[in-house]
Amino acid sequence: MSVTAACPAYASFFGFAGAASAMILSSIGAAYGTAKAGIGIAGVGQVRPDLMMKSLIPVVMAGIIAVYGLVVSVLVSNDLNPDSDYSLFAGFVHLAAGLSTGFAGLAGGYAIGIVGDACVRGYLYQQKMFVGMVLILIFAEVLGLYGLIVSLILNTKATSDC
């Protein structure tokens with residue numbers, strides 16, 4: 001491993017920060033979405049336990065947000081090797097990839113939590129809301145998917161030419 005201006009010793013810090021931010025931020029979003037939607041599901045279960053299974057959709061969708069962060073973290077960490085060169089450019093690209101997935105997952109989880117809670121409570125009184133609830137949740141989930149797509153594109157640009 002050579003230390004040059006393009007490949008300083010601290011370059012890998014940015015790669016590790018990208019992997020960590022993807023996982024941490026998307027997990028926070030997924031946790032918030034699960035908790036917020038879970039509160040609504042618990043309220044529905046007290047009144048109409050027969051609606052519980054259909055009401056679990058927001059929780060499942062919030063969990064998928066964390067998987068997006070996991071995928072990006074694994075991709076970024078595969079490029080981090082102490083025995084090979086790692087450029088500052090690659091570190092910044094990996095940081096950008098992690099932040100884009102992390103913040104998109106945070107926003108998506110937040111949206112899923114708010115929408116999931118409100119729609120599950122509304123579904124208690126009007127079962128015709130189910131299709132609309134699922135559509136809104138899909139649009140909220142797509143926010144996290146956009147971050148994943150941007151991260152995958154960014155990850156293909158990371159080169160460690162020193």
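By convention here, the first residue in the shown sequence is residue 1. Since the structure is predicted, the reported quantities are computational estimates derived from the model, not experimental observations.
Using a 4.5 Å cut-off between side-chain heavy atoms of Ile, Leu, Val, Met, Phe, Trp and Tyr, with links allowed through other members, Y125 and I41 fall into the same hydrophobic cluster. Grouping the Ile, Leu, Val, Met, Phe, Trp and Tyr side chains by contacts below 4.5 angstrom, directly or via other members, places L95 apart from L70. Tracing side-chain contacts under 4.5 Å through hydrophobic residues (I, L, V, M, F, W, Y), one reaches V76 starting from I149; they form part of the same cluster. Neither I28 nor M23 shares a network with the other; the hydrophobic side chains, linked directly or stepwise wherever heavy atoms of I, L, V, M, F, W or Y lie under 4.5 Å apart, form separate groups for each. Note on F92 and L25: same hydrophobic cluster, where clusters join Ile, Leu, Val, Met, Phe, Trp and Tyr whose side-chain heavy atoms are under 4.5 Å apart, directly or indirectly.
Between F130 and Y123, the ring planes lie tilted relative to each other; the angle falls in the 30° to 60° range.
The line from OG of S55 to CG of D117 is 11.0 Å long, rounded to the nearest 0.5 Å. Residue L143 holds its CG atom at 13.0 Å from CG of L148, rounded to the nearest 0.5 Å. Atom CG of L145 sits about 9.5 Å away from atom OG1 of T101, to the nearest 0.5 Å. To the nearest 0.5 Å, the span separating OH on Y68 from CG on L152 amounts to 11.0 Å. Here the straight-line distance linking atom CD of Q46 with atom CG of L124 works out to 10.5 Å at 0.5 Å rounding. Interatomic distance, CG of L88 versus OH of Y10, reported as 5.5 Å (0.5 Å rounding).
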- [ ] List the steps and the verdict of side-chain contact (heavy atoms from CB on, under 4.5 Å) for L137 and M133.
- [x] CA-CA 6 Å; L137 287 169; M133 175 180 77; 3.9 Å; yes
Open item on the list: Could you walk me through whether R48 and Q127 satisfy the side-chain contact (heavy atoms from CB on, under 4.5 Å) test, starting with their C-alpha distance in whole Å, then the side-chain angles of each, then the deciding distance to 0.1 Å, before giving a yes or no?
Closed with: CA-CA 12 Å; R48 295 274 311 269; Q127 280 76 42; 3.5 Å; yes
Task: Steps toward side-chain contact (heavy atoms from CB on, under 4.5 Å) verdict (H94, L75) - done: CA-CA 9 Å; H94 288 147; L75 287 175; over 6 Å; no
- [ ] Apply the test side-chain contact (heavy atoms from CB on, under 4.5 Å) to residues V134 and M61: give CA-CA distance (whole Å), side-chain angles for both, the deciding distance (0.1 Å), then the verdict.
- [x] CA-CA 10 Å; V134 171; M61 294 183 82; 5.9 Å; no
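Among all heavy-atom pairs drawn from L154 and S100, the shortest one is CD1-OG, 4.4 Å. Here the closest non-hydrogen pair linking S151 and V72 is CB-CG2, 3.7 Å. Residues G144 and I65 approach most closely at CA-CD1, 4.1 Å, considering heavy atoms. The two atoms that bring V120 and P58 nearest to each other are CG2-CG, 4.0 Å, heavy atoms only. Residues A111 and A140 come closest through the heavy atom pair CB-CB, 3.8 Å.
In this structure, the side chains of D79 and N155 come closer than 4.5 Å at one or more pairs of heavy atoms. Side-chain contact check for V47 versus R121: every heavy-atom pair is 4.5 Å or farther apart.
A distance-only check finds a donor-acceptor pair linking the side chain of S21 to the backbone of G18 [under 3.5 Å]. S27 places no side-chain N or O within 3.5 Å of a backbone atom of A66 that could act as its donor or acceptor partner.
In Y110, the OH atom is not crowded: 12 or fewer heavy atoms of neighbouring residues, nucleotides or ligands sit closer than 6.0 Å.
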